[in-house]
Amino acid sequence: MLSYILRRVLYIIVVFLLLSVLLFAMYKLMPVDVVEMYTSGMQQEMTPAEYERYQEAFRIKLGLDQPIPVQYAKWMGRMLTGDFGTSVKYRRPVIEIIKSPMAATILLNAVTMIFVFAICIPLGISTAVRKGKIYDNSVQVVTILGYSLPTFIIALTVILLFSLVLGWTPISGMYTPGTQLTGFAAALDRAKHMILPVGVMTFTSLASLTRYIRATMIDALRMDYIRTARAKGLREKVVIYGHAFRNSLIPFITVLIGWFLGMFGGSVMVESIFNWNGMGKLLIDSITGADFAVAMALEMFYVIIGLVGNLIIDLAYTVVDPRVRLT
Amino acid sequence: MKKTLSLALALLMLLALLAACSSASPSGDAPTTNNDPATGDTPDTPDTPDDNTGDTPDTPDQPEGGRPTTPSGSLIVYFNGLDANMMSGWGNAVGNAAIKELLGGYSTVAFTRGGEFIINPTSVKNFEETVNDDGSHTYTIEINPGLVYNDGTEITAKDYVFSFLFSCHPAMGAEGLESDLAYGMEIYTGALPYINGEATSISGLHLLDTYKFSFSIDAETDGYPNFPYWYSIVNASVGATPYHVYAPGVDVVEGANGAELTGVELTAELLQTTINDPTTGQRYNPSVTDGPYQFVSYDSAASQATLKVNPNYIGNYEGTKPMIETLVIYQAANATLIDEFRAGSLDLITGLGGATNINAGLDAVEDGSGSYISFPRNGYGLVVFRCDHGPTQFEEVRRAIAYCLDREELVRQFTGGFGSIVNSRYGAAQWMYQENKDLVEDTMISYTLNLEKAVEELVAGGWTLNETGGAYESGIRYKQLDDGTLMPLIVEMGSPTPAQSPVSEMFGTFLLPNALEVGMQINQDMLESEAYFAARSGEGDKAYGMMNGGTGFATADSPWYYYDTDPTSFGQYNSNFIADQELYDATMAMQNTESGDKETYFANWMKFVTRFNKILPDIPLYADEYHDFFKSKLKGYERVDTYPVAAALIDCWIEE
């Protein structure tokens, strides 16, 4: 096991370095003059000579006067020491920029995850038990709607219905603008603002997890030990929840870990429409705004999450299922 | 089991709510909050100048028409762009620019709603400009006594002198701070050695007494003469900087060679604490300010900043004090902007353009959601010609293209009727146009669709040949150049993609077929933004003869930088690559007009816009009619595009 982990860690390091080179090269290949983009606003405020000096100083400040391999080495060297550079847009260290969106995204995803699992587990079990019945087919249709429809259409539809027509929920944002609430009132206000984005993310996530649980349950219900349990005269509920569901939990735990790791990645569409200042919105704003220090830091973070996450999932298999051996 | 599942589900819901509650306050970037002087947690407010016996300007009567005498109510204002930087020197998002405008008050120069720069009578008691033997100018300024910051500290000449010494200080350029404040300061006598760390004082800067200081501007900088200069008054603009907060322990004194700092050394480490600390630094939490409003908080998670009235503020250049107690600057999602307005979570949306947005806003107004005002944009959409190569180097071709373009229909369709046509390089909001509309419009060639005139221009320009050098009859026209070669009348056009600029597609209807009819072929490429901007500065793979885009005029619009005939300016400021001496001379005459001499400036400006209109480095396409939508509770709101929203809000009040 130990040698397996060491090999995987080595693999992670190699893949991480390769991806970092690839990402860095991709951003350098983008035909964007970051200096021009971020200094042109000052052009009308300066004489041509001042502006030229300003642009040159800006270029040096960003390290763009250095050869590209040197730029990469400096970026990677800083990153390995926890310095992710400075945002060219916000003129602040990247680590300071990321804190707040990270918290916002984790909150949104955690609450969504709770709702998704709370809904999908009973739905998956009940549809498996009633496989092929009207109830099963109805759930399949409703959940696949969330999967099939574009997220922005669902989002705009719920805004129209729940915010504009019914007036039940705020349209967007994380707080009611203009309020200085504290304590429970602030929490309640935040919860109200979460209803629509959480609702949309939950709705769009139902199909896959419900089907996954349904499929594992159907497999479990076909097992010999279920037939044995029924032959012993156990009540059907005990058979389903006590035997079938418990055994179907083994692959399900790996899904749970995957979801947990996915909490750090924001939804670009949902966060943008609902003005939820999370990681997805930050990433898309950074890319469109050529704020590459932020974009690359986020992407390398996701690379690490992905690589380490896969290792954790593989290890989790051995924990929950003793039959699995990692070599 | 059913009961167990129900219990489990209820528990999960409760957990979800608890999770929401526990994170109700952003953990990473918590809102920064000041003590609100209005709530009594501040030093006593000293007497305002109104209470003094003299030495201060008379405050004009407050406007009539229901304007209250004490601030009340709140207003949520949308700006597209807001971040944590609340202090000049680190970026300038639109929302932050408005906040800085609202936090700063006693600059020596004010910008009026009429679009002029004036000496601010609220802060300046005496202003004197003297011309020195070496051509430099010295400004001696005496400020009014009794001006105070929001924390009650009196403002003296030291605060103004500190502004120079602080902005130019080498520590401000240290790693981690890297402020922009020193750029543009080289014009001040003695500033450059100080910026470079070669001097401890600014030789042209002097602290004369408690309320009086002076500074000088060199005759020229980098080969550019600083005088005479139409905007020279702008260079006399300086605000007060609270040195007791920015640099505790530092004092400002008059030294042997100009004003300098003494006491505690101003170091990057000190500024990292006082300026750059994410929670308490003045860059993110400007606690001591002198403007109409004071900073309360900024919440990055909620994209909003809250400002409250500064009770110590004595008024803008007209003596007007703010009457809206709380302003919330809020960045909402663009996709749902009008919906937010309808729902009441936004009170004021500024500067909406484009038929889709405006019509949505007007629908909301029709539904009773609020009111609106409209005003012309201080800028325009345009076609930029490259004037140094290809057919567009010839002014006859540029004029022919203008005659081939159905501007009226293009503007009508693009703006949905919410736009107007201008005929030269001016904004419909600029005072030169506003005060002389008839004369300007009568003087300019209007370039309405006229293919006969387009042909006349081409013939006059020598585009009378076919591809073999014979007389032109049909197809593409040719012209024989001085070296004997034939140039085809084929113009390459670069456009932003329709996603970036919907107007790009319209040339296919309103220009290209008409151009073909007169013997001109225009090949249009749609370019992604990076390629587009590279092409605009002449750095792309292909040199385009014409490109469509947009431009806006700065408050201190300086056309003299943009038509310099020196080829080194081509592609940078001079994006037309035009070397027309008459045009450049006209701009230089504008620049060299004595500040305040409006009559001469206008005469020079007329020469410029008339020449521009004739040789057409650009075809001005449309000036949008911007719309501001606001809730009916906002009273007294008036806008022109040259006057900042933040300044306009000082005249407003709330009637709930």
Side-chain angles (χ1 to χ4, degrees), chain A residues 30-33 36-37 41-54 61 89-92 96 99-100 102-104 107 110-111 114-115 117-118 122 156 159 163-164 167 170-178 180 184 186-191 194 237-238 241 272-275 277, chain B residues 1 5 9 12-13 15-17 19-21 23-29 74 76 83-85 90-92 178 180 183-184 186 221-224 278 297 299-304 306 326 328 330 332-333 335-336 339-340 342-343 345-346 530-531 533-534 537 554 557-558 561 564 569 572-573:
Chain A
M30 283 176 73
V32 183
D33 186 347
E36 182 68 25
M37 200 164 171
M42 299 289 281
Q43 191 181 30
Q44 297 198 28
E45 313 291 332
M46 296 178 176
T47 66
E50 284 167 2
Y51 183 58
E52 198 177 318
R53 275 202 298 273
Y54 180 61
K61 193 159 65 183
K89 183 176 178 186
Y90 301 106
R91 310 278 294 271
R92 300 175 68 190
E96 283 180 24
K99 280 181 190 169
S100 174
M102 179 71 83
L107 173 65
V111 175
I114 290 168
F115 278 101
F117 279 81
L156 292 176
I159 286 174
S163 302
L164 296 176
I171 294 169
S172 67
M174 296 175 70
Y175 298 116
T176 303
Q180 297 283 323
F184 183 72
L188 199 62
D189 188 53
R190 171 72 75 98
M194 291 178 73
K237 283 180 183 172
V238 175
Y241 296 107
S272 295
I273 290 178
F274 291 104
N275 203 23
N277 291 315
Chain B
M1 179 55 78
L5 266 179
L9 195 59
L12 283 168
M13 296 289 187
L15 277 172
L17 186 64
C21 295
S23 298
S25 199
S27 56
D29 206 358
S74 67
I76 302 168
D83 60 46
N85 291 299
W90 289 275
N92 211 23
E178 293 158 340
D180 290 339
Y183 290 101
E186 297 93 337
T221 309
D222 295 322
Y224 283 88
S297 66
D299 185 342
S300 64
S303 289
Q304 62 171 292
T306 305
T326 305
V328 178
Y330 179 52
T336 54
D339 293 334
E340 297 273 14
R342 280 178 192 273
S345 39
L346 271 179
E530 299 83 11
F533 286 112
S537 55
D557 181 35
S558 310
Y561 295 139
D564 193 337
S569 72
Q572 287 289 321
Y573 278 72

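Here is the naming used below: chain letters follow the sequence lines, and residue numbers restart at 1 for every chain. Keep in mind that the numbers below use all heavy atoms, side chains included, and drop hydrogens, waters and symmetry copies.
Interface residue T176(A): only backbone heavy atoms are found under 4.5 Å from chain B. With a threshold of 4.5 angstrom between heavy atoms, E178(B) approaches chain A through its backbone and through its side chain. With a 4.5 Å cut-off on non-hydrogen atoms, S163(A) does not touch chain B at all. Contact annotation for A335(B): neither backbone nor side-chain heavy atoms come within less than 4.5 Å of a heavy atom of chain A. Contacts of Y573(B) with chain A are made by both backbone and side-chain atoms, with heavy-atom separations under 4.5 Å.
Between chain A and the residues D339(B), L346(B), N85(B), T306(B), the most heavy-atom pairs under 4.5 angstrom are made by D339(B). Interface remark: of the candidates M37(A), R91(A), E50(A), R91(A) forms the most heavy-atom pairs closer than 4.5 Å to chain B. Contact count versus chain B (heavy atoms, under 4.5 Å) is highest, among R53(A), M30(A), M174(A), for R53(A). Heavy-atom pairs under 4.5 Å with chain A peak, among A343(B), S74(B), S303(B), at S303(B). For the options D180(B), T221(B), N92(B), heavy-atom pairs under 4.5 Å to chain A are most numerous at D180(B).
Taking a cutoff of 4.0 Å between a charged side-chain nitrogen and a carboxylate oxygen, D83(B) and K89(A) do not qualify as a salt bridge.
Rounding to the nearest 0.5 Å gives a distance of 13.5 Å between CD of E96(A) and OH of Y90(A). Atom CZ of R342(B) is separated from atom OG1 of T336(B) by 12.5 Å, given to the nearest 0.5 angstrom.
Evaluation of the ring pair (Phe, Tyr, Trp, His ring centres under 6.0 Å) rule for Y183(B) yields Y54(A) as partners, not counting sequence neighbours.
By the 4.5 Å heavy-atom criterion applied to side chains, E186(B) and D222(B) are not counted as neighbours. Contact check for I171(A) versus L164(A): side-chain heavy atoms found under the 4.5 Å cut-off.
One N or O on the side chain of S569(B) and one on the backbone of D564(B) form a donor-acceptor pair closer than 3.5 Å.
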